[in-house]
Amino acid sequence: MKKSTSRYNVLRQVFAIVIGWFGGAIINMLFVQLGHVVFPLEGIDPSDMEAYADVLPSLEFKYFIFPFLAHAIGTLSGSVIAGLIAVRRKMLFAFITGVLFLLGGIWVNIMLPGPEWFAVVDILLAYLPMAWLGGKLAIALSKNQ
């Protein structure tokens, strides 16, 4: 019986990371799409990555609000989801999810180089601090159940 319980816990931990990452990615994309609605880029198709990359360094501050929110809230929600699903060590699984988002954020900042100030703020504030907060929320929410 103990062996099947252990196998179940391992599967649940893997599931926590996958579902946390997937759920956070959905939230991330919703905020990115909302940003394109609130602050549309005239004459630029947001799905044309080359055109987007060309104009990105010259954009005003307002165009970076929703990308930052997407990264921060996506990471936060993904970390909460992972922490809630994890059997134990909820903070660890929230951070694993946060690190996955951080790696994605670094990759996006390389692929779509914007202003350096945004890359610094994004990488320093949108990922690991949000993963920590997500882990804390998951622990608090788990205690209330």
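Please read these numbers as outputs of a predicted model, since none were measured by experiment.
Linking ILVMFWY residues whenever their side-chain heavy atoms come closer than 4.5 Å, directly or via other members, leaves Met130 and Ile81 in distinct clusters. No path of Ile, Leu, Val, Met, Phe, Trp and Tyr side chains, each step under 4.5 Å between heavy atoms, connects Met29 with Val108, placing them in separate hydrophobic clusters. Using a 4.5 Å cut-off between side-chain heavy atoms of Ile, Leu, Val, Met, Phe, Trp and Tyr, with links allowed through other members, Val18 and Val80 fall into different hydrophobic clusters. Cluster annotation: Leu103 is not connected to Ile19 through the hydrophobic network of ILVMFWY side chains, with a link wherever side-chain heavy atoms come within less than 4.5 Å. By the criterion of side-chain heavy atoms lying less than 4.5 angstrom apart, applied directly or through intervening Ile, Leu, Val, Met, Phe, Trp or Tyr residues, Val99 is grouped together with Ile106 in one hydrophobic cluster.
When all heavy atoms of Ile73 and Phe31 are compared, the pair lying nearest together is CD1-CZ, 3.6 Å. A pairwise comparison of heavy atoms in Ala131 and Met91 identifies O-SD, 4.4 Å as the closest pair. Between Gln13 and Arg88 the shortest heavy-atom distance is NE2-O, 3.4 Å. Scanning both residues, Trp21 and Thr97, for their nearest heavy atoms gives N-CG2, 3.9 Å. Minimum interatomic distance between Gly135 and Ala94 (heavy atoms only, all atoms of both residues): CA-CB, 3.5 Å. In this structure, Ala70 and Val32 approach most closely via the heavy-atom pair CB-CG2, 3.7 Å.
With rounding to the nearest 0.5 angstrom, the CG atom of Leu137 is 6.0 Å from the CG atom of Leu76. Atom CZ of residue Phe15 and atom CZ of residue Phe22 lie 11.0 Å apart, to the nearest 0.5 angstrom. Distance check, rounded to the nearest 0.5 Å: CD1 of Ile85 to NZ of Lys90 gives 9.0 Å. Taking CD of Glu50 as the reference point, atom CG of Leu112 lies at 10.5 Å (rounded to 0.5 Å). Between the CG atom of Asn28 and the CG atom of Leu69 there is a distance of 10.5 Å, given to the nearest 0.5 Å. Atom CG in Leu128 sits 12.5 Å away from atom CG in Leu133 (nearest 0.5 Å).
Residues Ile44 and Asp48 fail the side-chain proximity criterion, which asks for heavy atoms closer than 4.5 Å.
Using a distance-only test at 3.5 Å, with no hydrogens or angles considered, no donor-acceptor pair links the side chain of Arg12 to the main chain of Ala86.
Tested against Phe118, the residues Phe64, Tyr63, Phe61 include a single ring pair (Phe, Tyr, Trp, His ring centres under 6.0 Å) partner, Phe64.
A side chain to side chain donor-acceptor pair (under 3.5 Å) check over residues 65-81, counting only residues at least two apart or in different chains, returns the pairs His71-Asp122, His71-Tyr127.
More than 12 heavy-atom neighbours from other residues, nucleotides or ligands sit within 6.0 angstrom of CH2 on Trp117.
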